[in-house]
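Have a look at the structure below before the remarks.
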Amino acid sequence: QVQLVESGGGSVQAGGSLRLSCVASGHTYRRNRMGWFRQAPGKEREGVAVINSSGLNTYYADFAKGRFTISQDKAKNTVYLQMNSLKPEDTAMYYCMTGDRAYYSAATIVVDEYNGWGQGTQVTVSS
């Protein structure tokens, strides 16, 4: 079992920034990807960004490219999501997720391919 604990959410005005953190504990040795998905009320879950265990490869949803940056500190078992130029449409609960698959979809981040996630941290962006 892997435990994921997110932090860093909050309320900001449009154009502002937030940095989310996710600390992983437990049986993390089999995990080869970590990332973030979000879900707004009444909407589907959508993948935001993921990073592989080496940190050499990152993947972003189109809406996140150029504004969000995913990174990790392996010594701390922590993944970060730096979010800049936030928009009201970024308002959602953000969840950390992790996966241990041999293969992942290449064209997009498929949340169902990840089998561990945390409790989430709320991000609210006002106009």
Side-chain angles (χ1 to χ4, degrees):
Q1 291 282 359
V2 175
Q3 292 78 44
L4 303 173
V5 179
E6 303 97 333
S7 62
S11 297
V12 296
Q13 290 192 325
S17 298
L18 284 172
R19 188 194 196 203
L20 307 184
S21 300
C22 171
V23 180
S25 61
H27 296 166
T28 61
Y29 60 93
R30 291 181 57 187
R31 299 290 161 165
N32 54 24
R33 276 200 184 184
M34 290 188 68
W36 298 86
F37 73 92
R38 69 185 188 184
Q39 188 167 26
K43 294 190 176 181
E44 298 283 327
R45 299 177 304 173
E46 53 182 355
V48 178
V50 295
I51 187 168
N52 70 348
S53 58
S54 71
L56 295 177
N57 298 102
T58 57
Y59 309 88
Y60 295 91
D62 286 344
F63 65 80
K65 291 176 182 176
R67 299 190 299 130
F68 297 179
T69 303
I70 190 169
S71 61
Q72 65 180 6
D73 183 334
K74 295 206 72 174
K76 296 181 179 179
N77 275 341
T78 301
V79 172
Y80 304 97
L81 185 68
Q82 177 67 44
M83 303 187 296
N84 299 327
S85 302
L86 283 163
K87 306 174 182 179
E89 51 263 44
D90 293 319
T91 295
M93 187 72 81
Y94 283 70
Y95 298 87
C96 182
M97 62 184 183
T98 183
D100 58 5
R101 293 171 64 99
Y103 300 100
Y104 295 86
S105 298
T108 186
I109 301 170
V110 179
V111 177
D112 285 342
E113 293 179 348
Y114 297 80
N115 56 4
W117 49 87
Q119 295 299 309
T121 185
Q122 178 68 37
V123 171
T124 303
V125 185
S126 58
S127 58

Does a salt bridge link Asp62 with Lys65, judged by any charged N lying under 4.0 Å from a carboxylate O? yes
Is [X] reaching over with its side chain to a backbone N or O of [Y], donor-acceptor style, under 3.5 angstrom?
| X | Y | value |
| --- | --- | --- |
| Glu6 | Cys96 | yes |
| Arg67 | Ser85 | yes |
| Glu113 | Ser105 | yes |
| Thr91 | Val125 | yes |

Hey, mind stepping through Phe63 and Val48 against side chain to side chain contact (heavy atoms under 4.5 Å, CB included) and telling me if it holds?
CA-CA 8 Å; Phe63 65 80; Val48 178; 4.0 Å; yes
Hey, quick one: are Leu18 and Met93 part of the same hydrophobic cluster, counting side-chain heavy atoms closer than 4.5 Å, chains of contacts allowed? no
Just verifying a value: how many Å separate [X] [atom1] and [Y] [atom2], rounded to the nearest 0.5 Å?
| X | Y | atom1 | atom2 | result |
| --- | --- | --- | --- | --- |
| Ile70 | Met34 | CD1 | CE | 8.0 Å |
| Lys43 | Arg38 | NZ | CZ | 8.0 Å |
| Gln82 | Ser21 | CD | OG | 9.5 Å |
| Ser127 | Lys87 | OG | NZ | 14.0 Å |
| Thr69 | Leu81 | OG1 | CG | 8.0 Å |

Side-chain donor-acceptor pair under 3.5 Å between Ser17 and Asn84, yes or no? yes
Between Val79 and Thr98, is there a side-chain heavy-atom distance shorter than 4.5 Å? no
- Query: So do the side chains of Tyr80 and Arg19 get within less than 4.5 Å of each other, counting heavy atoms only?
  - Reply: yes
Validate the cation-pi geometry between Arg45 and Tyr95: distance from NZ or CZ to the six-membered ring centre under 6.0 Å, angle to the ring axis within 45°. no
